[in-house]
Number of protein chains: 2
Amino acid sequence: MNADKIPDIIIGRLPIYLRALQRLSDKGVQNTSSQELGDMIGISAAQIRKDISQFGEFGKQGTGYSIPFLIERLQSILKVNRIWDVIIVGMGDMGHALARYNGFANRGFKVTMLFDNDPKKIGQKVNNLEIFSMDVLSEKIKQNRIKVAMLTVPASAAQEVSNQLVKAGVKAILNYAPTHLNVPPDVRVQHIDPATHLQRMTYYL
Amino acid sequence: MNADKIPDIIIGRLPIYLRALQRLSDKGVQNTSSQELGDMIGISAAQIRKDISQFGEFGKQGTGYSIPFLIERLQSILKVNRIWDVIIVGMGDMGHALARYNGFANRGFKVTMLFDNDPKKIGQKVNNLEIFSMDVLSEKIKQNRIKVAMLTVPASAAQEVSNQLVKAGVKAILNYAPTHLNVPPDVRVQHIDPATHLQRMTYYL
DNA sequence: TAGATTGTTAATCGATTAACAATC
DNA sequence: TAGATTGTTAATCGATTAACAATC
């Protein structure tokens with residue numbers, strides 16, 4: 001393991017590699033090469049080898065990489081060789097869809113609590129999980145040592161709720177609100193904004 | 001307007017600038033500087049000036065940028081100074097949430113058609129839009145000259161449906177399926193995979 | 001005018017690619 | 001052994017930052 005600081009751009013590619021490897025594994029494939037993996041996901045073989053080699057010598061000359069082994073290594077590096085409890089804050093349509101999403105299984109995450117401030121929603125269940133009041137958000141986060149949250153409140157409330165999350169100890173926020181969040185440097189934010197993603201493509205049309 | 005090829009990484013930042021500018025505009029602010037805008041979204045002032053200057057001289061020394069003017073320019077560059085009709089393919093929870101999402105207004109997009117292959121869903125309405133059969137997907141895309149699609153089918157069907165979209169003339173796909181899509185070079189794909197986004201953050205926890 | 005801020009140049013920094021010895 | 005493919009080095013390519021003349 002290289003102790004140097006790994007560039008974030010490399011960290012960002014590891015989940016892509018992992019996803020492709022798990023897909024191969026599901027098909028029963030046992031081994032692959034940087035060439036094959038690269039062809040699958042549109043990344044050069046040299047870059048894949050370079051990225052992976054930041055963390056150790058996981059391949060073998062002549063035969064490439066053992067898929068189960070490389071999956072295990074990447075999961076360990078990304079710290080998804082465990083299950084992170086994740087909360088969803090804001091039970092509109094998007095929060096609802098995420099609560100019922102089955103794509104987190106085997107990828108290191110489990111949605112464990114839901115929150116909303118609408119009295120009509122509080123106490124209801126989605127996917128067998130009760131919706132809690134925002135009043136108990138901080139308390140529940142601390143109690144359960146929650147580190148990861150998905151934020152699906154309206155843009156107008158996002159910064160305020162983000163502050164609450166951070167104050168209670170959340171360190172990773174997947175932000176679905178179409179607004180930038182200001183957080184301390186030890187908190188990570190990833191943005192999902194469909195309009196922004198679409199606008200990035202219309203330029204080329 | 002610079003006729004050189006603009007790097008994609010710059011194009012990717014323009015929607016972020018545009019979103020921040022629209023937020024300022026909504027608050028009634030008329031002018032801003034690269035410094036202020038950069039502070040808002042965590043990007044250096046120099047980079048913002050450099051990015052914007054690829055497309056023309058939109059600012060004024062001493063006073064910065066006129067927000068309405070810069071919004072108009074960015075919208076024009078990104079081709080969102082019009083409304084793109086967008087279709088949603090796959091009316092599960094995610095497709096449903098996107099069909100009811102109100103974040104596309106004023107950002108250049110309008111969801112106009114929904115598709116699913118489940119006979120029980122076909123003919124139903126979501127947000128006043130009828131769900132069509134996949135059998136008429138190609139025909140409807142061609143008829144309405146649809147260029148932009150959101151793909152919310154299961155991963156196992158994503159490549160196959162993507163092929164249909166591309167063949168019918170779609171040039172921009174927002175892919176919610178957790179799998180890489182192979183498309184011709186003239187088709188753009190953006191990926192939204194919550195598990196991948198979360199995995200990119202857990203490394204730092 | 002004086003202060004502020006752009007657009008741009010040059011310098012720095014970082015990422016990607018090509019190539020190949022090592023070796024399975 | 002011969003062929004394949006890694007890990008790594010050096011070269012190339014591209015992106016970011018710092019600095020400042022121009023000018024509103």
Side-chain angles (χ1 to χ4, degrees), chain A residues 1-17 20-21 24 29-74 77 185 200 203, chain B residues 1-17 20-21 24 29-74 77 185 200 203:
Chain A
M1 170 84 70
N2 191 329
D4 293 356
K5 200 170 169 304
I6 308 289
D8 181 62
I9 196 160
I10 292 184
I11 302 304
R13 282 191 294 260
L14 300 186
I16 314 288
Y17 301 161
L21 289 165
L24 286 172
V29 185
Q30 290 289 316
N31 294 281
T32 190
S33 64
S34 58
Q35 185 66 56
E36 182 183 50
L37 191 56
D39 288 346
M40 273 184 76
I41 57 181
I43 292 182
S44 80
Q47 180 157 85
I48 289 177
R49 288 202 301 280
K50 192 127 207 276
D51 286 353
I52 291 174
S53 72
Q54 303 296 306
F55 303 94
E57 307 195 354
F58 300 157
K60 275 201 183 66
Q61 287 100 327
T63 60
Y65 301 92
S66 152
I67 290 178
F69 177 70
L70 188 51
I71 287 176
E72 187 273 318
R73 294 312 307 140
L74 290 178
I77 291 161
R200 190 179 179 153
Y203 172 80
Chain B
M1 170 84 70
N2 190 329
D4 293 356
K5 199 169 171 304
I6 307 290
D8 181 61
I9 197 160
I10 293 184
I11 301 305
R13 281 191 294 260
L14 299 187
I16 314 288
Y17 302 161
L21 289 164
L24 285 173
V29 185
Q30 290 290 315
N31 293 282
T32 190
S33 64
S34 59
Q35 185 65 55
E36 183 184 50
L37 191 58
D39 288 346
M40 272 184 75
I41 58 181
I43 292 181
S44 79
Q47 179 157 86
I48 289 178
R49 289 201 302 279
K50 192 126 207 280
D51 286 353
I52 291 173
S53 72
Q54 304 294 307
F55 303 95
E57 308 195 354
F58 300 158
K60 273 200 183 69
Q61 287 100 325
T63 60
Y65 301 93
S66 152
I67 290 178
F69 177 70
L70 188 51
I71 286 176
E72 187 274 318
R73 294 311 306 138
L74 290 178
I77 291 161
R200 191 180 177 152
Y203 172 80

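Every chain is numbered from 1 and lettered A, B, ... according to where its sequence line falls, protein lines coming before strand lines.
You can see that DNA chain D meets the heavy atoms of chain A within a 4.0 Å-exclusive cut from D/dA4 to D/dT9, reading 5' to 3'.
Counting heavy atoms from C-beta outward, B/Thr32 and B/Met40 have side chains that stay 4.5 Å or more apart. Side-chain contact between B/Tyr17 and B/Leu74 is present, with heavy atoms from C-beta onward closer than 4.5 Å. Residues A/Ile6 and A/Ile11 have side chains in contact (heavy-atom distance under 4.5 Å, counting atoms from C-beta outward). Looking only at side-chain heavy atoms (C-beta outward), B/Asp51 and B/Ile48 stay at 4.5 Å or farther from each other. Under the 4.5 Å side-chain criterion, counting only non-hydrogen atoms from C-beta, A/Tyr65 is in contact with A/Ile52. Here the side chains of B/Tyr203 and A/Ile10 are not in contact, with every heavy-atom distance at 4.5 Å or above.
Comparing A/Gln61 and A/Ile10 against DNA chain C, the residue whose closest nucleotide sits nearer the 5' end is A/Ile10.
A donor and an acceptor atom, one from each side chain of A/Gln35 and A/Asp39, are located under 3.5 Å apart.
Within a heavy-atom distance below 4.0 Å of DNA chain C, the residues of residues 41-50 of chain B found are B/Arg49, B/Lys50.
The minimum heavy-atom distance between A/Ser34 and A/Arg49, with the atom names listed, is OG-NH1, 3.0 Å. When every heavy atom of B/Ile67 is checked against every heavy atom of B/Val29, the shortest pair comes out as CD1-O, 3.6 Å. The minimum heavy-atom distance between A/Pro68 and A/Gln30, with the atom names listed, is CD-O, 3.5 Å.
In DNA chain C, runs of at least 3 consecutive Watson-Crick or G-U pairs, each pair with both distances below 3.5 Å, span C:3-24 with D:3-24.
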